[in-house]
Amino acid sequence: MQLSPDTVCVSTKAQHRRAYQALPTFLRELREQAELSQRELGDRVGRPQSWIHNCESRNRRVDVTEFTEWVRACGVKPEKAFAALLKRL
């Protein structure tokens with residue numbers, strides 16, 4: 001396929017794809033259930049509040065190791081959290 005010079009190609013970041021949409025909401029809900037502010041969670045995982053905000057607002061993608069740190073900091077076992085997340089997908 002050949003594109004014309006006027007064609008604009010837009011790459012979709014992973015955190016903006018439909019399949020990813022459930023994760024930030026799930027992470028926010030875990031934090032709220034643990035009764036943690038974004039700042040408190042950030043302190044527990046060694047990140048600034050802005051990092052937590054960016055993850056929850058889909059501005060930053062969360063990888064599996066970060067997911068594990070996040071859920072543990074909220075007092076949840078990673079395997080239990082992942083099973084709960086899978087039910088939403």
Side-chain angles (χ1 to χ4, degrees):
M1 181 172 108
Q2 190 170 8
L3 301 176
S4 73
D6 297 328
T7 302
V8 176
C9 295
V10 178
S11 174
T12 303
K13 291 185 176 184
Q15 69 266 28
H16 298 296
R17 292 186 181 176
R18 184 168 301 228
Y20 187 82
Q21 303 276 325
L23 181 60
T25 301
F26 179 76
L27 292 174
R28 186 190 74 246
E29 290 172 1
L30 279 180
R31 176 182 59 77
E32 291 173 346
Q33 288 170 5
E35 298 182 349
L36 296 171
S37 68
Q38 289 182 343
R39 187 169 310 282
E40 290 167 329
L41 179 59
D43 289 345
R44 288 187 181 193
V45 297
R47 306 282 184 148
Q49 174 275 330
S50 59
W51 186 86
I52 303 298
H53 169 77
N54 284 331
C55 293
E56 291 182 352
S57 60
R58 297 178 184 92
N59 291 327
R60 187 189 181 289
R61 189 181 136 291
V62 176
D63 69 29
V64 70
T65 59
E66 294 163 342
F67 175 86
T68 301
E69 289 174 2
W70 187 299
V71 300
R72 284 186 174 144
C74 291
V76 179
K77 292 183 178 184
E79 55 273 20
K80 184 176 178 181
F82 190 68
L85 176 61
L86 285 176
K87 290 179 182 178
R88 296 184 180 204
L89 300 179

Problem set entry | R31 side-chain N/O to L36 backbone N/O, donor-acceptor pair under 3.5 Å | yes

Exercise. Take atom CD in E79; do more than 12 heavy atoms of anything else shown fall under 6.0 Å from it?
Worked result: yes

For this session: May I ask whether V64 and V45 are part of the same hydrophobic cluster, defined by side-chain heavy atoms of I, L, V, M, F, W, Y residues being less than 4.5 angstrom apart, directly or through others?
Result: no

Exercise. Is a side-chain donor or acceptor of R88 paired with a backbone partner of A22 at a separation under 3.5 angstrom?
Worked result: no

Problem set entry | Straight-line distance of Q38 CD to E32 CD, nearest 0.5 Å | 9.0 Å

For this session: State whether the side chain of R58 and the backbone N or O of Q21 hold a donor-acceptor pair below 3.5 Å, judged by distance alone.
Result: yes

Problem set entry | CD1 on I52 to CZ on R39, rounded to 0.5 Å | 11.0 Å

Problem set entry | Over all atoms of both residues, closest heavy-atom pair of F67 and L27 | CD1-CD2, 3.8 Å

Exercise. So how far is it from E69 CD to C74 SG, rounded to the nearest 0.5 Å?
Worked result: 12.0 Å

Seminar exercise, completed: Residues P24 and E56: closest non-hydrogen pair is CB-O, 3.5 Å

For this session: Could you state whether L89 and F82 fall into the same hydrophobic cluster, counting links through intermediate Ile, Leu, Val, Met, Phe, Trp or Tyr residues with side-chain heavy atoms under 4.5 angstrom apart?
Result: yes

For this session: Kindly give the heavy-atom pair with the smallest separation between C55 and W70, and that separation in Å.
Result: CB-CZ3, 3.8 Å

Exercise. Quick one: does W51's side chain get under 4.5 Å of L41's, heavy atoms only?
Worked result: no

Exercise. Counting N and O atoms only, with roles assigned by atom type, does the side chain of E66 sit under 3.5 Å from a partner on the main chain of D63, one being a donor and the other an acceptor?
Worked result: yes

Problem set entry | Inter-residue atom distance K77.NZ - R72.CZ, 0.5 Å rounding | 10.5 Å

Problem set entry | R28 side, atom CZ; S57 side, atom OG - distance, nearest 0.5 Å | 10.5 Å

